[in-house]
Amino acid sequence: MFTAGAESLLHQAREIQDEELQKFCSRVVKLLQKDDPGPDAVDALQRLFLIVSATKYKRKLEKTCVDLLQTTLCSPKCPEQLQFLCAAILRERSPADNLSLSWDHIQSSQQLSLVASVLLAQGDKKEEVRSVGQHAFRVLESRQPEGPSLRHLLPVVSKITHLAPHTLHEDQTNLLSKRLVDWLRYASVQQGVAHTSGGFFSTPRARQPGPVTEVDGAVATDFFTVLSTGQHFTEDQWLNVQAFSMLRAWLVHSGPQGPSAPDADDKSELEGSTLSVLSATSTASHLLPPQERLREKAFEYCQRLVEQSTRRALRKGDADLQKACLVEAVLVLDTLCRQDPTFLYRTLSCLKALHARLCGDPARARALLPIAQFFLSHGEAAAVDSEAILQHLFTRVPCELFHSPMLAFEFVRFCGDSLPLFGRNLDILKRSFPNLFKLLAWNSPPLTSEFVALLPSLVDAGSAVEMLHALLDLPCLTAALDLQLRLSPAASERPLWDTSLRNPSCLEASRDPEFQALLQHLLRAEASGTVQRLAPLHELLQPMTGCARVVQCAEAVPTLLQAFFSAVTRFADGALTNQLVLVLLERRDSLYQVPQYEDRVHRWALPPPACPASESPPPGLRPHSAALCSACPAARITPGPASAHAPLPSPSSLRSVISGAGLRPSPWSLPDHLSPFPKSWSTQACVHATRQPQLPLQWAL
Amino acid sequence: MVHAFLIHTLRAPLAQDTGLCRVLYSCVFGAENSRDDPRPHGAERDRLLRKEQILAVARQVESMCRLQQQASGRTPMDLQPQSSDEPVPLHEAPLGAFRLAAGDPFQEPRTVVWLGVLSLGFALVLDAHENLLLAEGTLRLLARLLLDHLRLLTPSTNLLLRADRIEGILARFLPHGQLLFLNDQFVQGLEKEFSAAWPR
């Protein structure tokens, strides 16, 4: 789709010289000054937009041209296409110092919206955001609630709230809250009529519009929401959609830490706290102050959405929207309960029922995350045990849905964002690291940085050794997950495994009970406290070492090891440090043989030693061979086949690595007969004999 | 809310490194608060920064998309356009998300949701705690609308000179970066409105 022609066009746009550009601007000016600027004007503006946007450097446009663009944008007679182009060009040039838009006379709210988009792109050096906000509210105040074309203004207001919430006064906030209540709760439940005034297509049939319907086709049972459908929509139904779309951000803005009225703080808080007791019963809700009333109506809206989400949508688009609405409803309920804890008891039963319903539905698993976050935030206050919910979340979801990139990303973000809320439930998170690693192993490019941030909270003294092994085995986990998908494919339209590798030979062999046991260990959901030698699995899964996903994972491991050791520094004592170092040594040639993986780990863990001369091994010892080994007094230790060219580790180099990673340097304190390292290089040759150290296994934790 | 929307080129995963990742269209909704910069030409620098931020996102999306394609074993042939009559199966198009830490490259932490359709990448740069299900749906919708209304699959057309249509679609379906909860019927209604205002 991006053809050579397009590339050349882009090139031309970038290379056009100033002089030629000025001539072009003059042409644009002439075209725009005509009474009826035709398609030529559109064409010229399209080209001008490309010229301005194609380069990151500023393009000098003639002042007359820029002024004319501004005038055209604000002109009432300007066709929509030209308006959009003028706005786009002006916005593309932003921030610009010489902007002067006169917009007080503009009647069309679509035009206002376009002008606002240009002003908001200026970076607020001249308080443009405030002036746009004030202007928008003036329009809002002056129109009737059902007035036409307010729907172009609400997104502007939403943007202002987002960019500069402090620019709105309390009375403006109250006004909007009142309007939002009307739009959310009292929109028409009759379908709109097709009409011809530039809106929807008109149909020649003059039919009485019926009531709106639910997404499953049934007649609507209650008030209008975003999940209500019909052939045509009325203006207030439009505003209902927009109101809900901006609701959460608005609630946060207008909440207790709300707008910048001078004496808002003490007084309204006090009033709020006494009146909120009343709001729980909600009989006299129309007497409530606007914020309270909005919360009440928002609560009803969310409850309705949760009910509507149980319906079986006829169209796929609506089914997808139901899921998004569920998530949003839970997020809004969470915000409401934070602002007013009296909502809590009403919300809990609703969410518990919802959670039970969603547990058995993998298609809606993503909605479990905000529910879990809700229970983490409010569980204690409501004396609800969130443990069961978290247990289900951490043990089931990653196993079943690791292959969904969006779920994996959201899951890990949930872990990171909710860390402060876990409290005594942090154990569940920590125990579940094998399951979390599945998400990482399958989706390593986007999740590596997330895990670098998360690792410090996952690892502790009890799990460090097991986790280190798991990190070193991460690429093998990727291969095992691919295998698992092939063996028991999930019901989906296309295969989820690597389709460039067909029928790997390990498929059948993996059904062998010996391998099954090892696979079970690798694919465990929770930390087991034990470590197993997975070398047979490495061999079994050899055909998969070339898979792109496995390779990507292998590339991420050194970064993760770095993060792991940085985290472990904070609590590891000498004994643990030694254990971890021994793990590294033991595993240095017992890694899944992904191309270059071993080298990368070695390079990370064992950089070229900058040792003092006395400790460097004599050159003749570097390539170690069986002959050297047999000369070694500790010859019962058999060398392995691989990595004959890996640099030999010396105690001092390891210590420098450890201290480089931030670990406290610890004395090399193992007893002599157990130490894999001789004290002095000059006498002992067999320093490589660490492949199967005959150490008392301290692995069982 | 959405901070920015962009469309850029996606080169095939195993193709030789011909050319660069090009941003074909970008729209930033509002602006990040500019740092107090007493030096002259602050406005130009702000714009330069903004363009570079967008390019950085495009490059990262291209990289993520490429990695995802490789990981699932898809061949570069999948990136070639099919016949222009076939609807593009957007539900099978690669899609993903990643986070951008504060300062890298935006001041605030952001999340990017991206979609790869043939040789075009579409991306939404969102605030840190957005409803990603809604963002995903919106992105698919925008891609479908742009493919349909700009007829991007026809070899001779390109979107470089069609910014007005892109803006027209964005103004209705993502006004000022506001993600909208639009059910199917609302989408149809808006689409009819757009077609009426902007005849092909």
Side-chain angles (χ1 to χ4, degrees), chain A residues 1-3 6 9-10 46-47 49-50 56 58 80-81 84-85 88 95-97 117 120-125 155-156 158-159 162-163 199-201 226-227 229-230 232-233 241 244-246 315 317-318 320-321 323-325 327-328 366 405-406 409-410 445-446 494 498-500 548-549 552, chain B residues 1 9 19 22 28-31 33-34 43-44 46-48 51-52 64 67-68 70-73 81 92 95-99 118-120 131-134 136-137 152-153 155 158 160-161 163-164 167-168 171 175-187 189 192-193 196-198:
Chain A
M1 281 185 278
F2 190 60
T3 59
L9 192 60
L10 203 54
Q46 284 171 337
R47 285 177 195 279
F49 175 80
L50 179 62
K56 56 187 181 181
K58 184 172 167 159
E80 187 173 311
Q81 206 171 4
F84 272 86
L85 278 166
D97 293 322
S117 73
L120 291 175
Q122 300 308 313
D124 207 23
K125 286 214 178 70
V156 178
S158 181
K159 191 76 196 177
H162 182 74
L163 288 177
F200 302 100
F201 277 152
V226 295
L227 287 176
T229 67
H232 305 283
F233 296 101
V241 169
F244 180 67
S245 301
M246 62 177 278
R315 301 162 200 249
D318 291 345
D320 291 339
L321 186 68
K323 293 178 203 164
C325 285
V327 167
E328 188 73 13
R366 280 166 75 177
M406 292 302 290
F409 177 77
E410 285 198 281
R494 57 173 13 177
D498 185 342
T499 51
S500 67
R549 202 182 291 274
Q552 285 169 15
Chain B
M1 292 200 82
T9 55
R22 297 250 183 248
V28 177
F29 301 102
N33 289 330
S34 13
E44 282 176 43
D46 285 344
R47 181 173 182 274
L48 184 61
K51 294 295 255 189
E52 290 187 332
M64 289 290 180
L67 289 169
Q68 203 189 85
Q70 284 171 340
S72 53
E92 291 182 4
L95 175 109
F98 57 88
R99 198 169 64 110
L118 302 176
S119 60
L120 286 181
N131 183 332
L132 291 185
L133 267 171
L134 183 65
E136 192 183 321
L152 289 176
L153 295 181
N158 70 76
L160 289 174
L161 292 173
D164 50 333
E167 300 258 329
H176 290 273
Q178 175 75 61
L179 292 168
L180 294 176
F181 288 86
L182 298 170
N183 63 45
D184 247 27
Q185 295 280 54
F186 268 104
V187 169
K192 281 186 198 154
E193 207 182 82
W198 299 65

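Just so it is clear: chains get the letters A, B, ... in the order the sequence lines come, proteins before strands, and each one is counted from 1.
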**Request:** Kindly indicate, with the supporting measurements, whether the criterion side chain to side chain contact (heavy atoms under 4.5 Å, CB included) is fulfilled by A:Leu10 and B:Leu160.
**Result:** CA-CA 8 Å; A:Leu10 203 54; B:Leu160 289 174; 4.0 Å; yes
**Request:** Quick one: which of B:Leu67, B:Leu179, B:Leu134, B:Val187 has the most heavy-atom pairs under 4.5 Å with chain A, could you say?
**Result:** B:Leu67
**Rounded distance [0.5 Å steps], CG in A:Leu227 versus CZ in B:Phe181** = 9.5 Å
**Fill in**
One should read off an interatomic distance between B:Asn183 CG and A:Asp320 CG, to the nearest 0.5 angstrom, of 12.0 Å
**Message:** Is it the case that the side chain of B:Asn131 and the backbone of A:Val327 share a donor-acceptor pair, with hydrogens and angles ignored and the cut-off at 3.5 Å?
**Reply:** no
**Asked** So, A:Ser158 versus B:Gln178: side-chain donor-acceptor pair below 3.5 Å or not?
**Response** yes
**Prompt:** Side chain, backbone, both or neither: which part of A:Pro446 has a heavy atom under 4.5 Å from chain B?
**Reply:** both
**Item:** Proximal component of A:Glu410, with respect to chain B [non-hydrogen, under 4.5 Å]
**Value:** side chain
**Prompt:** For chain B, which of A:Cys325, A:Gly317, A:Ala96, A:Pro445 has the most heavy-atom pairs under 4.5 Å?
**Reply:** A:Pro445
**Prompt:** Contact part of A:Leu321 toward chain B, heavy-atom cut-off under 4.5 Å: side chain, backbone, both or neither?
**Reply:** side chain
**Prompt:** Is it true that a side-chain atom of A:Thr499 and a backbone atom of B:Ser72 form a donor plus acceptor pair closer than 3.5 Å?
**Reply:** yes
**Request:** Considering non-hydrogen atoms only, spot the tightest contact between A:Ala121 and B:Ala31 and give its length.
**Result:** O-CB, 3.8 Å
**Prompt:** Checking heavy atoms, do the side chain of A:Gln81, its backbone, both or neither come under 4.5 Å from chain B?
**Reply:** both
**Request:** Give a yes or no answer on whether the side chain of A:Asp318 reaches the backbone of B:Asp184 with a donor-acceptor pair at less than 3.5 Å.
**Result:** yes
**Message:** Just verifying a value: how many Å separate A:Gln552 CD and B:Gln68 CD, rounded to the nearest 0.5 Å?
**Reply:** 9.5 Å
**Message:** Check the orientation of B:Trp198 and A:Phe84. Use parallel for under 30°, tilted for 30 to 60°, and perpendicular for over 60°.
**Reply:** perpendicular
**Request:** Identify which part of A:Asp498 has an atom lying under 4.5 Å from any heavy atom of chain B, answering side chain, backbone, both or neither.
**Result:** both
**Asked** Just by modelled atom types, is the B:Leu133 backbone N or O under 3.5 Å from a matching donor or acceptor in the A:Lys323 side chain?
**Response** no
**Under 4.5 Å from a heavy atom of chain A, the part of B:Leu161 involved** = both
**Message:** To check you understand the geometry: which heavy-atom pair defines the closest contact between A:Pro95 and B:Ala43, and what is its length?
**Reply:** O-CB, 3.3 Å
**Item:** Top contributor to chain A interface from B:Leu95, B:Leu180, B:Val28 [non-hydrogen pairs under 4.5 Å]
**Value:** B:Leu180
**Prompt:** Looking only at heavy atoms, which two atoms of B:Arg47 and A:Lys56 are closest? And how far apart?
**Reply:** NH1-O, 3.2 Å
**Prompt:** If you take all heavy atoms of A:Lys159 and B:His176, which pair is closest and at what distance?
**Reply:** CD-O, 3.4 Å
**Asked** Do NZ/NE/NH1/NH2 and the carboxylate oxygens of B:Glu136 and A:Arg366 come within less than 4.0 Å?
**Response** yes
**Prompt:** Non-hydrogen atoms of chain B under 4.5 Å away: do they reach the side chain of A:Met406, the backbone, both or neither?
**Reply:** side chain
**Fill in**
For B:Gln185, the side chain to side chain donor-acceptor pair (under 3.5 Å) test, sequence neighbours excluded, returns none
**Complete:** So, the part of B:Ala197 with a heavy atom under 4.5 Å from chain A: the answer is side chain
